[in-house]
Amino acid sequence: MRSVAELDNLQKEVQSKLEKQAEQAQLIIGMGTCGISAGAKDILTALETELEERELEVIVKKTGCIGLCEKEPLVDVKLPGETRVTYGNLSVEDARRLISEHLENGNIVRDLVVAKMEE
Amino acid sequence: MKLTINGEKLEATEGQTILEVAQENGIDIPNLCYSPELKPEGACRMCVVDIEGVADPVTACTTEVSAGMVVETETPSLKKMRKVLVELMLANHDVECLTCDKAGDCKLQDYAYRYSVKKVRFEGEKTEFKGIKDDNPFFIRDNRKCILCYKCVNLCKQVQGEASINLENRGFDTRVTTAFDLPLEEINCQFCGLCVNECPTGALMEKSALRKARNWELKKGSTICPYCGVGCELELNIDENDQIVKVTTNSDNVNRGQTCVKGKFGLDFVNSEERLTKPLIKEEGRFREASWEEALDKVADNFGRIRDEFGGDATAALSSAKCTNEENYLMQKFMRAVMGTNSVDHCARL
Amino acid sequence: MCSQQCDCVEEELDLTLVKEILEGYEKKQKNLIPILQETQAEYGYLPQEVLKEVADYLGISFSQVYGVATFYSQFYLEPRGEYIIRVCMGTACHVRGAAKILDELEGELGIEDGGTTDDLLFTIESVACIGACGLAPVIMVNDDTHGRLTPEDVPEILAQYGE
Amino acid sequence: MAGLAKSFGSGAMTNSIDEIEGADAIFVTGSNTTEAHPVIAYRVKKAKQNGSKLIVADPRKIDLVKYADLWLQQKPGTDIALLNGLMHVIIRDDLLDKKYIQKRTENFEAVEDIMEKYDPEHVAEITGVPAEDIVKAAHMYGEAERASILYAMGITQHTSGTDNVLSIACLAMLTGNVGKENAGVNPLRGQNNVQGACDLGALPNVYPGYQAVDDEEVNKKFSEAWGVELSDEVGLTVTEIFDGIEEDEVKALYVMGENPVLSDPDSNHIREALEQVEFLVVQDIFMSDTAEYADVVLPAASFAEKDGTFTNSERKVQKLDQVIEPIGESKSDWEILMELANRLGHDWDYSSASEIMDEIARVSPIYGGISYERIEEEGLQWPCPDYDHPGTKYLHKGEFSRGLGQFNPAEYIPPAEKPDEDYPYVLTTGRRLFHFHTRTMSGNSPGLEEQYSEELMEISLADAQRMEIEDGDRVLVSSRRGEVESKVTVTDRVPEGLVFMSFHFAESAANVLTNPALDPVAKIPEYKVCAVNIEKS
Amino acid sequence: MATNEENIPSYQDLDFYKSQRRLALANCGFIDPESIEDYIASDGYQALSKVLTEMKPQEVIDEVKESGLRGRGGGGFPTGMKWQFAYDASGDKKYIICNADEGDPGAFMDRGLLEGDPHSILEGMIIGGYAIGADEGYIYIRAEYPLAIKRLEKAITAAEEKGLLGEDIFGSGFNFKLQIKAGAGAFVCGEETGLMASIEGERGMPTPRPPFPANKGLWDKPSNINNVETFANIPIIIREGAASFKELGTEDSSGTKVFALTGMIENTGLAEVEMGTTMREIIFGIGGGIQDDKEFKAVQIGGPSGGCLPDEKLDLPIDYDSLIEAGAMMGSGGLVVMDENSCMVDVARFFLNFVQSESCGKCTPCREGTRRMLEILNRITQGEGEEEDLELLRTLAESVKKLSLCGLGKTAPNPVLSTLRYFEDEYEAHIKNDECPGGVCQNLLPGYIIDYEKCIGCTYCIDACPIDVVDGRLEEIHEINEEDCNACGACEPECPVDAIIQKNYIEHFPQYRHLLEEDEEEVEA
């Protein structure tokens with residue numbers, strides 16, 4: 001970075017990229033130590049295999065701990081134009097359900113949900 | 001700047017610590033880990049003092065004076081705390097003062113007396129140790145008596161530079177030792193004795209002094225080391241038979257209480273059985289003992305005869321860099337004034 | 001048999017490994033701890049000869065290196081098990097019964113906290129909080145975390161690692 | 001010492017031991033300080049902690065190298081080349097103190113002339129020290145505000161010893177480092193009272209206080225003071241004395257507290273002389289190798305058994321107190337001398353050492369202000385001309401003792417003896433921590449003996465491998481003058497081609513081998529370089 | 001596609017979130033911590049650009065002073081003042097250090113930040129470096145946080161690639177480089193001087209102050225050390241302005257604080273609240289109260305340096321000063337909640353055991369004193385306590401607190417002192433009545449009793465008892481010899497009819513009343 005303008009341009013660039021991404025379905029998985037200890041890695045692998053098998057183009061994002069350690073592992077599902085929904089205490093099996101039920105069919109998996117995130 | 005200690009108005013210079021100012025003025029603040037040659041360690045906490053306007057006591061060895069400071073060094077609450085400290089040290093100490101060779105010259109013992117420690121209230125487990133270390137001809141190391149003042153470790157590192165000894169483990173398991181408990185010789189110990197000189201307890205003891213005499217029976221005499229040219233001032237500790245039991249130091253001199261192996265442990269030659277004790281005269285290739293009269297006469301006769309017969313320059317003398325100034329003066333005067341020659345030299349160059 | 005084995009281990013101590021590690025560092029004392037960490041990762045512990053090598057390289061005394069190695073709980077001067085079982089003793093784990101988990105592990109493996117099994121398979125060490133308090137009580141076996149444990153889970157976990 | 005006296009007007013340590021700690025750069029050369037002067041080494045290490053730079057020049061990897069910022073490993077006997085190289089760079093890179101040179105010194109032109117050709121590359125060839133290290137060292141020393149040079153016998157015990165010292169003096173004056181606190185040129189004295197023995201005229205050319213015997217005024221002064229006629233002819237030095245015995249010119253020899261059989265070069269030659277001399281009296285505290293040859297041996301009292309003074313390396317006159325009674329019938333040396341003088345027709349009646357000091361103060365201006373009362377608590381550093389003078393912490397402040405400091409640059413001359421086919425190794429000699437000189441004292445200390453009981457000659461791994469020698473093996477070391485046996489230690493302290501022995505042990509007496517070739521001025525033998533052969537025995 | 005969002009609570013409705021105020025944690029859980037772009041998109045490095053192009057170092061320091069930010073690592077020293085000291089110290093070289101050696105048991109706030117938003121810490125450090133005049137920084141992080149180390153390493157590399165670290169940042173002429181130092185397992189390295197010793201490659205033993213790190217720190221150069229969360233707050237203060245930061249929190253403790261909620265609480269996790277929020281709000285609001293509907297007994301706040309507060313202190317607003325007054329401490333922000341089944345003597349013992357084994361061993365009071373305190377607590381929890389022990393414990397605690405060299409020792413007695421202050425009755429119960437009210441201390445546990453109404457005489461318990469204190473024959477009612485029972489509990493799970501009950505249960509549950517009466521009868525008899 002040699003100037004402020006350079007940073008501002010980069011910021012704009014990135015922001016528009018993120019906006020574009022928002023037009024796609026996203027899975028956001030908590031990958032802090034608490035999440036990983038609770039099995040987030042297995043969930044991530046399961047999600048990725050599942051997405052591949054179903055040939056779904058979904059952005060999988062990793063993020064840090066949101067604070068709800070008790071409910072880890074946490075996965076959020078965000079469909080374009082819709083509210084981001086957090087699921088918690090997931091097993092690998094649960095994670096697959098998120099894909100089949102919420103991602104593909106738009107049905108919130110009520111027994112796993114923690115909360116929705118209103119922007 | 002001016003400050004007050006125990007009600008006395010005192011003069012001090014900036015950068016001095018409370019302890020330094022107190023010592024300069026003859027105020028005795030207890031301390032175990034302090035040494036003027038070392039960076040203050042602040043470990044033993046014995047030198048805590050109260051400063052007016054400061055809530056908790058501070059250590060006098062680490063606190064610099066400031067103008068107008070009002071210090072108390074011996075309040076009832078400080079005494080109480082120091083007593084606890086001494087008890088804590090004694091609780092983890094091999095208390096065998098009745099037979100300890102350090103008794104009478106032991107700071108821990110002195111402070112126990114000063115703060116009236118009759119019974120230790122906090123008896124419990126003691127730090128495990130690996131036996132008394134006797135791995136060299138000069139001194140022993142007895143961790144059971146170590147109170148971890150760290151002076152030995154710091155001297156070894158900060159003054160000697162070798163850092164042959166160090167701490168092992170941490171917390172309650174901390175011990176002073178060598179790497180993997182190797183013998184001192186194997187880790188470059190120079191046997192300078194700095195650690196032994198400053199050990200406040202019986203944890204480091206000169207072997208020559210073990211089971212020889214109580215400290216109060218020893219006579220101390222100051223002397224100058226006869227080895228190299230530094231001129232270290234030393235104290236000979238002499239027993240009733242004029243035997244040198246150990247060599248100690250005090251800090252106000254060229255060597256600042258420091259020694260090397262020769263000065264600290266190598267002066268016992270004085271009492272060697274091998275010393276010459278009588279004049280000897282050689283007859284038919286063998287020496288026999290003689291009286292001073294006879295020996296001196298013989299020397300005088302021969303030197304006089306040769307001088308008279310061949311002139312003074314037929315005689316010569318080697319004076320000595322081991323003898324005193326006065327003796328060297330007399331030797332050259334002897335050769336010049338009595339023998340009439342300038343052929344006097346010594347091994348300055350060797 | 002044991003002594004023969006030990007001799008054998010000593011003979012096999014390969015000092016070229018530590019020498020290679022040392023080459024990557026400037027000869028400054030600030031590198032001592034990183035060097036010890038890397039060295040321990042390589043040897044599994046810090047053998048005496050290796051520490052001597054480190055001391056000579058950095059130009060600091062052997063006893064100083066030893067002092068540092070014995071100060072930090074991460075460093076070990078004795079060989080350790082292939083699987084290190086870290087039992088979290090943090091507050092959260094403590095109140096949720098970590099001590100019972102530790103007891104169970106000690107009983108199952110027949111070693112004390114800090115000890116290593118004779119076959120060099122397992123080492124148990126109790127550690128301060130590993131920060132997975134939400135899963136208390138927690139143990140880690142090498143990099144795997146096992147949480148929300150009861151003593152009954154212990155044998156099963158050990159079995160996964162070849163017990 | 002002669003070198004320093006010539007350059008500055010005094011041969012002693014210019015500064016105090018305490019001042020070492022305040023230096024910004026310390027250059028140690030020809031001094032194995034940690035073993036020979038451990039307490040001074042503490043000050044050097046402290047200076048390092050205080051941020052001083054340390055340069056060590058030594059052919060051996062002595063312990064001090066561990067603390068050094070820079071180690072110059074010159075080949076033995078190439079000191080002048082190395083020093084000239086440093087001066088070359090200092091002149092070239094303009095690190096001179098020009099004002100100082102102009103105001104306080106003379107003969108600077110000679111320096112410029114000689115240094116011209118000693119460029120780092122050339123010097124590197126002679127000394128084996130990389131050219132860039134020479135430049136680095138010159139800058140380290142030259143850029144320091146206060147730079148101190150410490151040296152010992154590694155500099156003086158060469159045929160070029162005096163020139164070595166003259167060159168050191170040049171280096172210090174070039175950068176204005178003499179006459180300044182915490183700087184200076186500081187020869188470290190080997191024996192506890194070498195300084196005093198010199199000060200008090202135990203030298204063939206000067207009376208006490210460095211007053212020349214061939215100076216008419218001086219001669220008159222002493223004749224009057226002592227009430228006798230005095231010779232104005234310079235006497236014989238140690239080595240000349242032994243030559244004199246061989247030539248039958250010297251017939252009676254008085255040895256007080258010395259052991260030339262072990263301490264002097266070419267021991268076999270010394271032994272022959274002692275056999276030959278008509279009358280030999282030896283006065284010592286132990287039977288020594290030298291005393292074995294004596295006609296009469298007189299038992300002397302040790303340091304602990306008498307009053308007196310010693311003058312340490314920093315010129316401090318210190319009071320020595322009697323602590324115990326003399327052992328057996330031994331007597332202090334001064335009492336013995338007095339009795340002898342009186343037997344030879346004189347009338348000396350000193351009742352105490354203190355009275356002798358009063359006489360010294362009267363005849364020797366530099367000790368003019370010394371009295372036992374004044375030094376009871378703490379010593380005084382000479383020059384101390386009168387009883388009100390506080391002593392002198394460092395010399396040449398404002399002005400050199402001789403007025404202007406004199407540059408006496410020297411050319412490099414190789415050592416007198418070089419390795420060849422028959423004697424392919426270079427032997428250099430020195431001291432060990434646990435022993436002292438000829439072990440008269442340390443050899444009678446059981447602890448020191450136990451710790452270090454025999455010589456271990458140092459040899460490099462490369463040489464040892466070639467000869468298939470291992471640690472602890474015994475070897476036969478021979479030179480043109482003799483041969484001795486020694487155990488060896490294989491070590492990286494010495495480079496290939498160099499071996500090191502101490503001269504402490506009669507069984508492995510290094511001085512059987514050493515070369516008695518003398519420095520022409522100071523008459524110091526070349527202990528530090530001789531050619532030897534080594535065979536496994 | 002239509003989702004069915006009705007009746008799904010939003011985050012703002014969750015107890016856990018509704019009273020939080022997420023500033024430092026704002027990005028955690030939202031951005032990809034391994035992507036510098038994500039951080040930049042969320043206004044990352046804007047504060048740095050502002051500082052380097054528009055502000056003088058003194059202005060930065062003034063802004064931080066103005067914000068009222070105090071050290072989040074525990075001490076609560078005003079950050080701006082600390083920076084001022086380091087700025088004022090003369091020296092050609094200065095260092096800025098991030099203390100990420102989060103070692104308090106039960107605390108993981110810093111880990112959350114380091115793993116979730118590493119760039120915010122970097123940005124805070126670079127700003128701090130600029131402010132005090134340092135061109136080099138160290139992040140000292142405990143080796144037990146491998147993921148955080150990995151993310152920091154990535155963040156540093158990314159920042160270097162983008163020119164946010166290195167030479168001439170934002171064309172300002174300011175240079176700055178950062179290095180990570182992984183700790184090696186020593187809690188005491190969380191103490192500033194111990195930490196610096198450790199970076200230097202020494203044993204991590206604290207040194208006395210003065211000299212303060214601001215004047216003589218790392219390698220004797222002026223150095224400034226702040227905690228992770230402190231640095232994370234810096235970009236916010238610069239970006240949003242000191243005034244808006246100061247609006248949050250209380251008069252003397254501005255801004256927010258992140259707490260780690262653990263223990264016997266419903267919602268464990270990380271929560272960030274405004275300073276001044278009450279403990280009750282955090283524990284019963286955000287934390288959702290006590291697990292399994294048990295009774296609250298105490299909350300341990302501030303780790304081993306802190307203290308245990310009872311229910312009467314639940315309405316205490318959390319800020320630096322009121323906590324200290326109450327005998328606890330903000331510490332780094334660990335909150336461990338204890339229910340009725342906790343033993344406060346055991347808790348004190350637990351913390352003391354921790355500091356005792358983490359003492360560096362340098363100063364006498366900490367090395368020896370904590371050991372003796374631990375021995376006394378061990379005695380008490382084992383039922384061997386004497387009445388004088390409480391007095392000895394107090395004497396030692398006071399001495400260790402007053403005499404220790406560093407913060408670790410000075411605060412080590414806090415858990416003991418605070419439990420003695422609020423729960424002295426529990427100590428007395430242990431000593432005088434041989435009882436552990438929390439039912440934790442093994443030696444003081446009431447033994448087991450067999451419900452004669454249920455017992456079927458199967459002898460399983462007789463077989464299970466390792467010390468043979470159960471009497472009885474097949475098909476006759478069994479009985480446990482209460483005197484000798486050591487409460488090991490081996491018999492309880494073996495009973496097929498749940499007839500074996502812990503003796504103290506009979507007081508609490510009506511179905512065992514018949515056993516109680518009998519007991520009393522015995523006593524009367």
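Residue numbers start from 1 in every chain, and the chains themselves are labelled A, B, ... in the order their sequence lines are given, proteins ahead of strands. Quick caveat, the model's predicted, so the values are computed rather than measured.
B:Asn325 is not listed as a side-chain neighbour of D:Phe310, based on a closest heavy-atom distance of 4.5 Å or more. Under the 4.5 Å side-chain criterion, counting only non-hydrogen atoms from C-beta, B:Gln190 is not in contact with D:Pro38. Side chains of B:Gln258 and D:Arg43 form a contact here, defined as non-hydrogen atoms less than 4.5 Å apart. Inter-residue side-chain proximity for B:Ile224 and D:Phe303 is flagged as unmet; no heavy-atom pair is nearer than 4.5 Å. The shortest side-chain heavy-atom distance between D:Leu344 and B:Met339 falls under the 4.5 Å cut-off. Counting heavy atoms from C-beta outward, D:Arg431 and B:Cys228 have side chains that stay 4.5 Å or more apart. Counting only heavy atoms from C-beta outward, the side chains of B:Asp345 and D:Leu236 never approach each other to under 4.5 Å. Within the 4.5 Å cutoff, no side-chain heavy atoms of D:Phe436 are placed close to those of B:Pro226.
At a threshold of 4.0 Å, the pair B:Lys262-D:Glu35 does not count as salt-bridged, since none of the basic side-chain nitrogens sits closer than that to a carboxylate oxygen. With respect to D:Lys306 and B:Glu327, a salt bridge is recorded, a charged nitrogen being found less than 4.0 Å from a carboxylate O. Salt-bridge formation is not detected for the pair D:Lys316/B:Glu233: no Lys NZ or Arg NE/NH1/NH2 atom is positioned less than 4.0 Å from an Asp or Glu carboxylate oxygen. By the 4.0 Å N-to-carboxylate-O rule, D:Asp295 lies too far from B:Lys298 to be salt-bridged with it.
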- Item | Derivation of the side chain to side chain contact (heavy atoms under 4.5 Å, CB included) call for D:Ile327 and B:Asn271 | CA-CA 8 Å; D:Ile327 302 283; B:Asn271 299 116; 4.2 Å; yes
- Message: Walk me through whether B:Val270 and D:Ile324 qualify under side chain to side chain contact (heavy atoms under 4.5 Å, CB included).
- Response: CA-CA 10 Å; B:Val270 168; D:Ile324 58 174; 3.6 Å; yes
- Message: What verdict does the side chain to side chain contact (heavy atoms under 4.5 Å, CB included) test give for D:Gln191 and B:His346, after you've listed the backbone C-alpha separation in whole Å, the side-chain angles of each residue and the deciding distance to 0.1 Å?
- Response: CA-CA 11 Å; D:Gln191 303 209 47; B:His346 71 286; over 6 Å; no
- D:Asp18/B:Arg256 under side chain to side chain contact (heavy atoms under 4.5 Å, CB included): CA gap, chis, key distance, verdict: CA-CA 10 Å; D:Asp18 264 347; B:Arg256 305 186 202 156; 2.6 Å; yes
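In this structure, CE on D:Met441 lies 4.0 Å from NZ on B:Lys322, to the nearest 0.5 angstrom. Between the CE atom in D:Met256 and the CZ atom in B:Phe334 there is a gap of 10.5 Å [rounded to 0.5 Å]. Separation of atoms CG (B:Leu276) and CD (D:Gln283) is listed at 10.5 Å; rounding is to 0.5 Å. Residue B:Asp297 holds its CG atom at 10.0 Å from CD of D:Glu339, rounded to the nearest 0.5 Å. Residue D:Leu253 holds its CG atom at 10.0 Å from OG of B:Ser343, rounded to the nearest 0.5 Å. Note that CG of B:Leu330 is 4.0 Å distant from CD1 of D:Ile356, once rounded to the nearest 0.5 Å.
Neither the backbone nor the side chain of B:Glu289 comes within contact range of chain D; no heavy atom of the residue lies under 4.5 Å from a heavy atom of that chain. Heavy-atom distances place the side chain of D:Val213, and not its backbone, under 4.5 Å from chain B. Heavy-atom distances place both the backbone and the side chain of B:Asp242 under 4.5 Å from chain D. Using a 4.5 Å cut-off between heavy atoms, D:Val228 contacts chain B through its side chain alone, with no backbone atom that close. Looking at B:Lys157, the atoms closer than 4.5 Å to chain D (heavy atoms on both sides) all sit in the backbone: N, CA, C or O. Within the 4.5 angstrom heavy-atom criterion, only backbone atoms of D:Val206 (N, CA, C, O) approach chain B. Both the backbone and the side chain of B:Lys333 come within less than 4.5 Å of a heavy atom of chain D. Both the backbone and the side chain of B:Leu296 come within less than 4.5 Å of a heavy atom of chain D. At a 4.5 Å heavy-atom cutoff, B:Asp301 makes no contact with chain D through either its backbone or its side chain. Residue contact with chain B, scored on non-hydrogen atoms closer than 4.5 Å, involves the side chain of D:Lys45 exclusively. Both the backbone and the side chain of B:Glu162 have a heavy atom closer than 4.5 Å to some heavy atom of chain D. Heavy atoms of B:Glu273 lying under 4.5 Å from chain D are absent altogether.
Across D:Glu378, D:Glu278, D:Glu314, the residue that shares the most heavy-atom pairs under 4.5 angstrom with chain B is D:Glu278. Among D:Lys46, D:Glu240, D:Met287, the residue making the largest number of heavy-atom pairs under 4.5 Å with chain B is D:Met287. Counting heavy-atom pairs closer than 4.5 Å to chain B, the top-ranked of the candidates D:Val255, D:Thr34, D:Asp199 is D:Val255. No other option in D:Ile285, D:Leu337, D:Ile336, D:Asp232 has as many heavy-atom pairs under 4.5 Å with chain B as D:Ile285. If you tally non-hydrogen atom pairs under 4.5 Å between each of D:Gly161, D:Ala36, D:Gly244, D:Pro446 and chain B, the highest count goes to D:Pro446. Note on D:Ser16, D:Gly201, D:Ser313: by heavy-atom pairs under 4.5 Å with chain B, the leading option is D:Gly201.
Nearest heavy-atom pair, D:Ile241 versus B:Ala317, reported as atom, atom and distance to 0.1 Å: CD1-O, 4.2 Å. Minimum heavy-atom separation, D:Glu233 to B:Asn342: O-ND2, 2.7 Å. Summarising the geometry of D:Tyr42 relative to B:Thr259, their closest heavy-atom pair is OH-O, 2.6 Å, with the distance given to 0.1 Å. The shortest non-hydrogen separation linking D:Ser445 to B:Phe269 is N-CB, 4.3 Å. Among all heavy-atom pairs drawn from B:Cys232 and D:Val39, the shortest one is SG-CG2, 3.7 Å. The shortest non-hydrogen separation linking D:Pro208 to B:Gln332 is CG-NE2, 3.3 Å.
Relative ring orientation between D:Trp226 and B:Tyr329 is described as perpendicular, the plane-to-plane angle rising above 60° on a 0-90° scale split at 30° and 60°.
Between the side chain of B:Ser320 and the backbone N or O of D:Gly257 there is at least one donor-acceptor pair closer than 3.5 Å. Judged by distance alone, with hydrogens and angles left aside, the side-chain atoms of D:Asn193 form a donor-acceptor pair with the main-chain N or O of B:Cys323 at under 3.5 Å. No side-chain donor-acceptor contact under 3.5 Å links B:Lys278 to the backbone of D:Glu329. Side chain of B:Glu326 to backbone of D:Thr309: a donor-acceptor contact under 3.5 angstrom is found.
B:Arg336 forms no cation-pi arrangement with D:Phe222, by the criterion of a distance under 6.0 Å to the ring centre and an angle within 45° of the ring axis.
In this structure, D:Glu292 places its CD atom where more than 12 heavy-atom neighbours from other residues, nucleotides or ligands lie under 6.0 Å away. When the shell of 6.0 Å around CD of B:Glu185 is examined, it contains 12 or fewer heavy atoms from other residues, nucleotides or ligands.
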